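What you see is a predicted model; the values in this text were computed from it and never measured. Quick note on labels: first sequence line is chain A, next is B, and so on, each numbered from 1.
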Amino acid sequence: MGTRLAPVSETTKPGSTLPAPRTAKGQRNRLLVIDGHSMAFRAFYALPPENFSTDTGQHTNAVYGFTAMLINLIKDQKPTHVAVAFDLDTPTFRSEEYTEYKAGRSRTPEEFHGQVDLIIKVMEAMRIPTISLDGYEADDILATLATKAAAEDWDVQVVSGDRDAFQLVNDRVTVLYPKQGVTNIPQMDAQAIEEKYFVPPHQYSDLAALVGESADNLPGVPGVGPKTAAKWIKLYGGLEGILENLDSIGGKVGDALRAHADDVRRNRRLNRLLTDLDLPVDLDAMVSQHPDRSAVEDLFDSLQFNTLRKRLFDLFGEEEAEETGDEMTPPPHVVLTEAAPLTAWLKSTNQAPAAVHLATEATAGGTDVTGIAIVTSTAAAFVPFEGLDAEAEQVLAHWLADLDAPKVVHDFKEAYKLLAPRGLHLAGEVDDTAISGYLIQPDRRSYDLADLSQYHLRLSLGAAPGNASGQLALELGEKDVAGPAVMRAFAALQLSEHFAGQLVEKGANRLLGELELPLSEVLAEMELTGVAVSVERLDRLLDDFSKTISTAGAEAFRIIGKEINLGSPKQLQTVLFEELGLPKTKKIKTGYSTDADALTDLIVKTGHPFLEQLLAYRDATKLRQTVEGLRKSVAEDGRIHTTYAQTVAATGRLSSINPNLQNIPVRSDEGRRIREVFVVGKGTDGTRYETLMTADYSQIEMRIMAHLSGDEGLISAFREGEDLHRFVGSHIFGVAPEEVTSAMRSKVKAMSYGLVYGLSSFGLSKQLAISVDEARTLMRDYFERFGAVRDYLRGIVEQARKDGYTSTIEGRRRYLPDLSSDNRQLREMSERAALNAPIQGSAADIIKKAMLGVDGALKAKGLSSRMLLQVHDELVLEIAEGEKDVVEALVREQMAGAADLSVPLDVSVGTGLSWHEAAH
DNA sequence: ATCCTCACGTA
DNA sequence: CGTACGTGAGGATG
């Protein structure tokens with residue numbers, strides 16, 4: 001949405017209604033006005049477009065440079081008022097008088113397109129007015145504003161790359177004229193102009209009329225430069241005097257002047273900036289405001305301006321924190337260390353929802369809990385752990401574990417894990433604001449409490465406790481532990497109330513209460529448990545892979561006759577494409593790709609021996625890297641404790657970090673050896689574990705596709721337990737199932753899975769190394785046989801475009817606003833996401849439900865076996881002695897029963913002493 | 001120190 | 001010109 005304003009016919013308000021020229025602080029107002037197009041162009045040429053583009057191919061170098069410049073200017077100049085003026089593409093009075101005006105400029109480069117609109121959007125998000133006026137140039141707007149503001153005794157800074165602005169300079173007005181790029185913008189005051197052009201600012205336009213301005217395609221008098229022009233101006237008191245005394249100027253330049261006198265008069269008419277336009281915006285509307293946080297978040301997200309976002313928020317952050325409204329403060333808190341008052345306080349909450357936030361402190365070993373803040377809508381308390389008497393701890397422990405004491409926590413799983421080692425069990429969770437925030441907006445970058453509070457509540461929490469400023473306070477012995485923790489608990493409570501309505505509106509309440517919240521405790525337990533590894537095996541693998549690396553590396557160096565860093569794509573590009581002169585591969589941002597696909601291609605084409613060694617080297621380094629990471633992650637207890645991120649994947653999947661146990665190699669033999677290091681653990685409190693068990697869904701995504709599309713063919717294939725790809729292949733190729741060759745089967749398999757991702761015939765052709773024609777025929781035949789699949793896929797996108805979101809079988813939504821973007825790449829990306837989200841997301845729903853079921857069944861039966869890992873469609877369990885059969889039965893039952901689809905959910909189960917052995 | 005790009009592992 | 005992730009190295013930037 002643009003803010004370009006239509007020309008106005010009414011006169012603007014008289015100057016008397018302008019705001020007082022002085023701010024409350026008694027300082028003079030400072031207006032910063034910017035020539036938008038001119039600075040956008042400067043920024044464009046200062047930064048290489050190829051380094052600034054979004055994933056969708058929109059170039060952003062001008063937007064970036066402009067925004068960075070603006071942030072710097074605001075920081076340095078501290079204006080009280082800001083505005084940006086833009087030219088329109090319509091004719092101006094200048095081009096109407098002189099058709100050649102600004103002609104001869106080279107066409108705007110392709111990469112510049114769209115960037116001015118984006119700059120306007122940025123201005124909107126920053127709450128800076130943008131002004132343009134039909135028939136006039138931005139410079140005229142600047143001149144009018146500068147004149148008005150100066151008349152009110154304001155200071156004015158005009159930012160423009162156009163020298164015509166120099167005529168505006170006076171005691172109050174300076175011009176910031178970029179020398180080079182957009183970082184070096186010297187101030188041009190009267191003195192600077194006089195030094196450079198030998199005339200005072202008010203006569204600069206006289207001089208420019210004589211000399212000419214090539215940027216505007218205004219030719220001057222041949223042979224006359226600034227020095228001559230200045231001499232004449234001085235002599236005759238200005239251009240008027242010169243033109244009156246044309247005849248008395250001698251020499252060749254005198255003749256030239258007489259010959260071009262009309263040009264000079266025209267130049268002077270055109271370069272005079274108008275200072276009396278009727279502008280539709282008052283000066284007081286330009287008062288500097290804080291950016292619209294959420295708009296900036298969203299916009300900078302799509303522009304991928306991560307650094308700038310930080311710089312912008314840093315700039316406004318401090319002030320904003322000061323301005324946090326009084327209504328957004330927690331109730332005053334009491335500090336409770338004794339049992340009686342604690343009991344009384346907890347009782348007085350009357351079982352109203354209480355937000356719980358842990359005060360923590362970073363220690364060498366990790367994070368220590370120092371106390372707990374408990375905040376209800378009417379009261380707040382802080383319970384420090386130090387000095388807490390045993391009885392009080394009992395009271396606290398009881399309350400924390402009380403299912404009837406409803407609690408709001410931000411990141412419940414983390415709190416649960418922090419309390420567990422102290423023997424404290426956290427229960428009664430009614431909301432986790434990280435998760436509810438995620439369900440409402442599943443594609444946010446961060447669900448940090450401070451970010452969410454800022455975004456949803458406009459509440460600034462300030463820096464997280466435990467940073468540098470906290471440290472300083474600690475040294476001074478006055479660290480306030482309770483205050484920040486209470487504040488954060490309060491923020492979580494506010495957020496929870498804020499989210500309640502939205503959750504209902506978005507149909508996410510059940511998903512939260514019945515799936516995600518209970519799951520967070522299950523995940524917490526899995527993370528605490530961890531998975532046992534054999535350090536000996538890890539070390540052996542490290543050795544083996546290192547040997548392969550040295551051999552392959554040495555051989556690679558021998559072949560090319562020198563040593564380079566094989567891990568540097570840049571150096572590889574030089575060797576491959578320049579020195580060895582191999583054929584070019586697919587283009588990437590920084591040149592030509594050296595990825596495995598490209599290298600394999602090159603092997604086929606050239607058979608160069610270096611490539612093979614390089615691939616072997618790459619393989620081995622990747623594997624070693626994985627092993628090294630695992631090695632570093634082994635905890636004291638000999639187990640690896642991953643962390644599951646429950647609010648990261650926009651589709652509803654979990655992700656695994658520190659380390660990622662969801663991407664342990666499985667496809668190659670060498671890679672699979674890594675799965676041998678994950679072993680059954682020893683067990684502790686009397687329980688002995690005998691084996692690992694893996695249980696996975698077979699072809700869950702295709703089954704969901706069959707269910708959602710209702711395709712009779714697919715459904716009956718699954719119901720009859722046929723080999724899906726063979727079945728589909730026989731239909732597409734028109735042969736009996738047993739006549740489907742492995743080549744046919746793999747084509748069909750690729751296509752089936754491709755469909756789930758929104759694969760195009762082009763993509764299919766590339767993946768199968770067949771012609772686009774053949775791929776197209778293949779797809780056509782597929783859809784002919786399985787028409788409901790095509791209808792379903794089409795319907796998904798249509799529905800999502802209409803609703804703005806897709807839904808999974810459990811009602812989990814993914815919002816896809818870009819489905820109606822006019823940027824094709826953006827739109828098509830969203831279309832593919834729309835195809836995939838219901839399927840991937842439904843699979844995520846199903847396995848999450850299954851995990852709750854398995855966990856519940858294990859507990860109900862009093863078994864000691866436990867879940868360790870989840871890898872999207874697979875669960876890994878550690879089986880206690882004698883429990884194998886009963887666990888296998890319950891796992892099958894719970895996993896298969898996690899959803900009621902029109903096709904069965906097949907589960908395959910295996911056991912073994914290592915993850916590798918347990919695979920099947 | 002911090003950010004981005006490339007490459008590559010999984011489902 | 002196939003979705004969803006996380007990690008680490010190199011290299012450019014501050």
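- Only Lys622(A), Gln625(A), listed by number, bring a heavy atom of residues 616-626 of chain A to less than 4.0 angstrom from any atom of DNA chain C.
- At whole-Å resolution of the value, CZ in Phe305(A) and P in dC3(B) are 16 Å apart.
- Toward the 5′ end of DNA chain C lies the nearest nucleotide of Ala750(A), the other residue of the pair Ala750(A) and Ile657(A) mapping further downstream.
- Ring-plane geometry between Phe305(A) and Phe300(A) is classed as perpendicular, the angle between the planes exceeding 60 degrees on a 0 to 90 degree scale with a lower cut at 30.
- Listed by first and then second residue, the salt bridge (Lys or Arg N to Asp or Glu O under 4.0 Å) pairs that reach into residues 697-707 of chain A are Arg653(A)-Glu701(A), Arg703(A)-Asp906(A), sequence neighbours excluded.
- Residues satisfying the ring-ring contact (aromatic ring centres under 6.0 Å, His included) test with Tyr757(A), not counting sequence neighbours, are none.
- With sequence neighbours left out, Arg444(A) forms a salt bridge (charged side-chain N to carboxylate O under 4.0 Å, His left out) with no residue at all.
- Of the candidate nucleotides dG11(C), dA11(B), dC5(C), dC5(C) has the atom lying nearest to any side-chain atom of Ala650(A).
- Between Glu917(A) and Leu692(A) there is no side-chain heavy-atom pair separated by less than 4.5 Å.
- Of the side-chain N and O atoms in Ser593(A), one or more sit less than 4.0 angstrom from OP1 or OP2 of dA7(B).
- Residue Gly754(A) is in base contact, counting any heavy-atom pair closer than 4.0 Å across all strands shown.
- As judged by a 4.0 angstrom heavy-atom cut-off over every strand, Ala645(A) is placed among residues making no nucleic acid contact.
- Between the side chains of Gln58(A) and Gln825(A), no donor-acceptor pair of N or O atoms lies under 3.5 Å.
- The base of dG8(C) lies outside donor-acceptor range of the side chain of Glu628(A), with no N or O pair under 3.5 Å.
- Looking at the side chain of Asn658(A), the nearest of the listed nucleotides dA11(B), dT7(C), dG2(C) is dT7(C).
- Atoms CG (Asn660(A)) and C1' (dT7(C)) sit 8 Å apart, rounded to a whole Å.
- For His872(A), the listed nucleotide lying nearest its side chain is dA11(B); candidates were dC1(C), dG2(C), dA11(B).
- A donor-acceptor contact closer than 3.5 angstrom is absent between the side chains of His641(A) and Asn658(A).
- Of the residues Asp314(A), Asp301(A), Asp451(A), the one that meets the salt bridge (charged side-chain N to carboxylate O under 4.0 Å, His left out) test with Arg309(A) is Asp301(A).
- Thr651(A) has no side-chain polar atom (N or O) that falls below the 4.0 Å cut-off from OP1 or OP2 of dC5(C).
- Within residues 827-845 of chain A, the residues that have a heavy atom under 4.0 Å from DNA chain C are, in order of number, Arg832(A), Ala833(A), Asn836(A), Gln840(A).
- Using bins of under 30°, 30° to 60° and over 60° for the plane-to-plane angle, the ring pair His608(A)/Phe610(A) lands in the perpendicular bin.
- At the phosphate of dG9(B), neither OP1 nor OP2 sits under 4.0 Å from any side-chain N or O atom of Arg667(A).
- The two residues Ala434(A) and Tyr447(A) have their closest heavy-atom pair at O-CD2, 3.8 Å.
- Taking atom CG of residue Leu764(A) and atom P of nucleotide dG2(C), one finds them 10 Å apart after rounding to whole Å.
- Between Arg672(A) atom CZ and dT10(B) atom P there is a gap of 10 Å when expressed in whole angstrom units.
- Looking at the side chain of Tyr757(A), the nearest of the listed nucleotides dG10(C), dG2(C), dG6(C) is dG2(C).
- In this structure, Ser761(A) reaches neither bases nor backbone, as no heavy-atom distance under 4.0 Å exists between it and the strands shown.
- Of the candidates dG9(B), dG2(C), dC1(C), dC1(C) carries the atom nearest the Phe762(A) side chain, counting heavy atoms from C-beta on.
- In this structure, Lys587(A) is positioned above the aromatic face of Tyr592(A), its NZ or CZ under 6.0 Å from the six-membered ring centre and within 45° of the axis.
- With rounding to whole Å, Arg311(A) atom CZ is found 13 Å from dC3(B) atom C1'.
- Ile657(A) is not listed as a side-chain neighbour of Thr642(A), based on a closest heavy-atom distance of 4.5 Å or more.
- For Gln571(A), whose side chain is taken as the heavy atoms from C-beta onward, the closest listed nucleotide among dG11(C), dA11(B), dG2(C) is dG11(C).
- The distance from atom CG of Asn565(A) to atom P of dA7(B) is 13 Å, rounded to the nearest whole Å.
- Between Leu816(A) and Asp443(A), the closest side-chain pair of non-hydrogen atoms is not below 4.5 Å.
- For the pair Arg309(A) CZ and dC4(B) C1', the computed distance is 15 Å after rounding to whole Å.
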Mind listing the N/O atom pairs, protein and nucleotides 12-14 of chain C, below 3.5 Å?
{"residue": "dA12(C)", "atom": "OP1", "partner": "Lys570(A)", "partner atom": "NZ", "Å": "2.7"}

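- For the OP1/OP2 pair of dA4(C) and a distance below 4.0 Å, the side-chain nitrogens and oxygens of Arg814(A) include at least one atom meeting the criterion.
- Contact annotation for Val756(A): no contact, since no heavy-atom pair falls under 4.0 Å across all strands.
- Between the P atom of dC1(C) and the CG atom of Leu759(A) lies a distance of 13 Å, rounded to the nearest Å.
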